[in-house]
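Note that these values count all heavy atoms, side chains included, but never hydrogens, waters or copies made by symmetry. Within every chain, numbering begins at 1; the chains are lettered A, B, ... in the order of the sequence lines, protein sequences first and strands thereafter. Please read these numbers as outputs of a predicted model, since none were measured by experiment.
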Amino acid sequence: MTESKLPSKDNFSEWYHELLKAGEIIDVRYPVKGMCVWYPFGFAVRRNVYDLMRSLLDPDHLETQFPLLIPETEFMKEAEHIKGFEDEVYWVTHGGTSPLDIKLALRPTSETAIYPIFKLWVRSHADLPLKIYQIVNTFRYETKHTRPLIRLREITSFKEAHTVHASWEEAAEQVEAALTIYAEFYRRLAIPFLFARRPSWDKFPGSDYSIALDTVMPDGRTLQIGTAHHLGTNFATTYSITFEDEGGEQQFANQTCYGVSERCIAALISVHGDDKGLVLPWAVAPVQVVIVPILFKEKEATLEVCRNIKEKLAAAGMRVVIDEGDERPGAKFYRWEMKGVPIRIEIGPRDIKNGVAVLARRDGKKLTVLLGELNETIERVAADLQEGMLARAQAFLESKVKDCETAEEARAQTGAGVARVGWCGSEECGHRIEEEVGAAVLGEPWRSEETYQGSCLVCGANTEKCALLARQY
RNA sequence: GGGGCCAUAGGGUAGCCUGGUAUCCCACAGGACUGGGGGUCCUGUAACCGGCGUUCAAAUCGCCGUGGCCCCA
């Protein structure tokens, strides 16, 4: 009998859920809605992904950690921010059986935990810029349908950075620096995305403006996989974050914050995976090379050769395992493909006699390699696989974005992709567009080299502005 | 925000209408033969979401809770 296969990726929702389990990323059986368990294998992917994030942030940021609980008195200070989050906050109301005098919020995000302390840390222009980040869990009482890694009540892996600057312009530059970091992060994960400046009604509560990164999922809906916010002096005013400038005057500080959550891993899985399972980029694959010995005669001699090869590859810094289990080779092939291992090496008595190994790539190609040339070949193949993944993903994303002239056209396009339409930029026309098309305004393209010439879908005014529309996760 | 559907071993399921011994596949454990793309046979492990109610008797009927899925706004 054959093991049950993954549903086809064309049936994205089923495929995604099945793959999270079969690929041992997430166990969804924890008995609280919207809260999931990382399998050790999934957690290893997570660790590699977040190590990559750390390596990009550490040159210019300091990692830290703030408490999970936020006193109601601090949480309730920033009016606009509260409005954005109050319906989704979990509250701790008791210590043991005694009611607390001041309720404690489980952070839905950490501005209100961090900024009272920033007030103490920031005294002078010499303390600026201040740039910190933390990787923590946050809680949101989602009332909509939850989805593993995508819409959760416990976000387990929220990387949030918070910076403080002397001027609005410097903070704006920091927003761009953050976007550059995120662009590099996703380039290394081979995940293409769109930058969009979120419309005023969908920006971060309490920000001057918000830039988001959206990727396109296999079913054509978009997934927000990163955001950067210019907070202006909004929070600094509320929390009295001031500094003494060179002239001895007290000034309110300008701030930014920017974040990425485990949605980056949802994207990683969804963008690259195929009908055989996970496809992981070399940089973050917990197992980069699996050696499958073909054992039916001369077992010890075959294993001996495999162990020598593993040592040589490991010495070059590769993450290698030998699958010595007594399953049939075919069963092992399927299992490791499900786990997204980029390169498989098969070695049997026949190969040993010829001084070669069979190298199978996760994209399906097979080649025979001289044992002495394995290291260099693997390095070359790893780079080639990465390039292929990015090219395929980029082509997919581009195929999913189209210009539309009418609301009907845009409605059809957003059924399975992103529509670009003319938009005069007014909030009124923006809402009308959302209604008529039945999709959300992601915002105006940001950092786009393309220019736009057209007319507003609603009022018909000539405009050089456009809006990206999509159905969102 | 409004409406609908569902819950049986680790996963997927049959049984429920018409109340009485829980089916099959995969997985898992042990053994034998096997071995370059999901092997075969034998033996075994393992389940009715929780509470309350109706009943001689509840997986099955009713109510509440919890969890999951879908549709509409």
Among [options], which is the nearest nucleotide to the side chain of [X]?
X	options	result
A/Thr143	B/G36, B/C69, B/G1	B/G1
A/Asp351	B/G36, B/G35, B/C70	B/G36
A/Arg350	B/G37, B/G67, B/G36	B/G36
A/Phe296	B/G68, B/G36, B/G38	B/G36
A/Lys276	B/G37, B/G68, B/G36	B/G37
A/Lys33	B/G67, B/G35, B/G37	B/G67
A/Glu346	B/C69, B/C70, B/G36	B/G36
A/Thr146	B/G37, B/C70, B/G68	B/G68

Using a 4.0 Å heavy-atom cut-off, does [X] contact any base of the nucleic acid, only the sugar-phosphate backbone, or nothing at all?
X	result
A/Arg147	nothing
A/Val292	nothing
A/Glu337	base
A/Gly34	sugar-phosphate

May I ask you to decide whether [X] forms a salt bridge with [Y], counting only side-chain N to carboxylate O separations under 4.0 Å?
X	Y	answer
A/Lys33	A/Glu142	no
A/Arg420	A/Asp403	yes
A/Asp363	A/Arg361	yes
A/Glu436	A/Arg432	yes

Provide, to the nearest angstrom, the distance between the [atom1] atom belonging to [X] and the [atom2] atom belonging to [N].
X	N	atom1	atom2	value
A/Glu327	B/G35	CD	P	16 Å
A/Asp323	B/G35	CG	P	18 Å
A/His145	B/G67	NE2	P	13 Å
A/Leu6	B/G12	CG	P	14 Å
A/Arg471	B/A73	CZ	P	12 Å
A/Leu295	B/G39	CG	P	15 Å
A/Trp336	B/G38	CH2	P	19 Å
A/Met35	B/G67	CE	P	10 Å

Pairwise [atom1] distance, [M] and [N] [rounded to whole Å]:
N	M	atom1	answer
B/A47	B/G31	C1'	27 Å
B/A29	B/C72	P	45 Å
B/A46	B/U40	C1'	24 Å
B/G11	B/G20	P	26 Å
B/U54	B/C63	P	15 Å
B/A7	B/U60	C1'	14 Å
B/C69	B/C49	C1'	16 Å
B/U23	B/G12	C1'	13 Å

Crowding at [atom1], [X] (>12 non-hydrogen neighbours, <6.0 Å):
X	atom1	value
A/Glu88	CD	yes
A/Glu324	CD	yes
A/Tyr141	OH	no

* Any chance you could measure A/His272, atom NE2, to A/Phe396, atom CZ, to the nearest 0.5 Å? =>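 So the NE2 of A/His272 and the CZ of A/Phe396 are separated by 12.0 Å.
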* **A/Ser207 side, atom OG; A/Leu231 side, atom CG - distance, nearest 0.5 Å** =>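 Result: 6.5 Å between the selected atoms.
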* In terms of the nearest nucleotide of RNA chain B, which residue is placed more toward the 5' end: A/Lys21 or A/Lys366? ->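 Upstream on the strand: A/Lys21.
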* Asked: What do you reckon, are the aromatic ring centroids of A/Phe204 and A/His81 less than 6.0 Å apart?
  ->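 Between A/Phe204 and A/His81, the centre distance is under 6.0 Å.
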* Taking the six-membered ring for Trp, is the centroid-to-centroid distance between A/Phe195 and A/Phe193 below 6.0 Å? ->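 Yes, the ring of A/Phe195 comes within the 6.0 Å limit of the ring of A/Phe193, centre to centre.
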* Asked: Could one point to a donor on the side chain of A/Lys299 or the base of B/G35 with an acceptor on the other under 3.5 Å away?
  ->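 Flag set: donor-acceptor pair detected.
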Can you tabulate the close N/O pairs, meaning under 3.5 Å, that link protein atoms to atoms of nucleotides 49-51 of chain B?
none

* To do: Using the six-membered ring for Trp and the full ring for Phe, Tyr or His, decide whether A/Tyr334 stacks on the six-membered base ring of B/G38 (centres under 5.5 Å, planes under 30°).
  =>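 It does: the ring sits over the base of B/G38.
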* To do: Please work out the stems of RNA chain B from pairs that are Watson-Crick or G-U wobble with both distances under 3.5 Å, keeping only runs of three or more consecutive pairs.
  =>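 Runs of three or more consecutive pairs: B:1-7 with B:66-72, B:10-12 with B:24-26, B:28-33 with B:39-44, B:49-53 with B:61-65.
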* Asked: Does A/Arg29 have a side-chain nitrogen or oxygen under 4.0 Å from the phosphate oxygens OP1 or OP2 of B/G11?
  ->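 Answer yes for this pair, as a side-chain N or O of A/Arg29 is under 4.0 Å from OP1 or OP2.
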* Asked: Just to confirm, is there a sub-4.0 Å distance from OP1 or OP2 of B/G37 to any side-chain nitrogen or oxygen of A/Arg328?
  ->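 For B/G37, neither OP1 nor OP2 has a side-chain N or O of A/Arg328 closer than 4.0 Å.
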* To do: State, without any angle test, whether A/Gln134 and A/Glu160 hold a side-chain donor-acceptor pair at a distance under 3.5 Å.
  =>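 Yes, because at least one side-chain N or O of A/Gln134 sits under 3.5 Å from a partner of the opposite role on A/Glu160.
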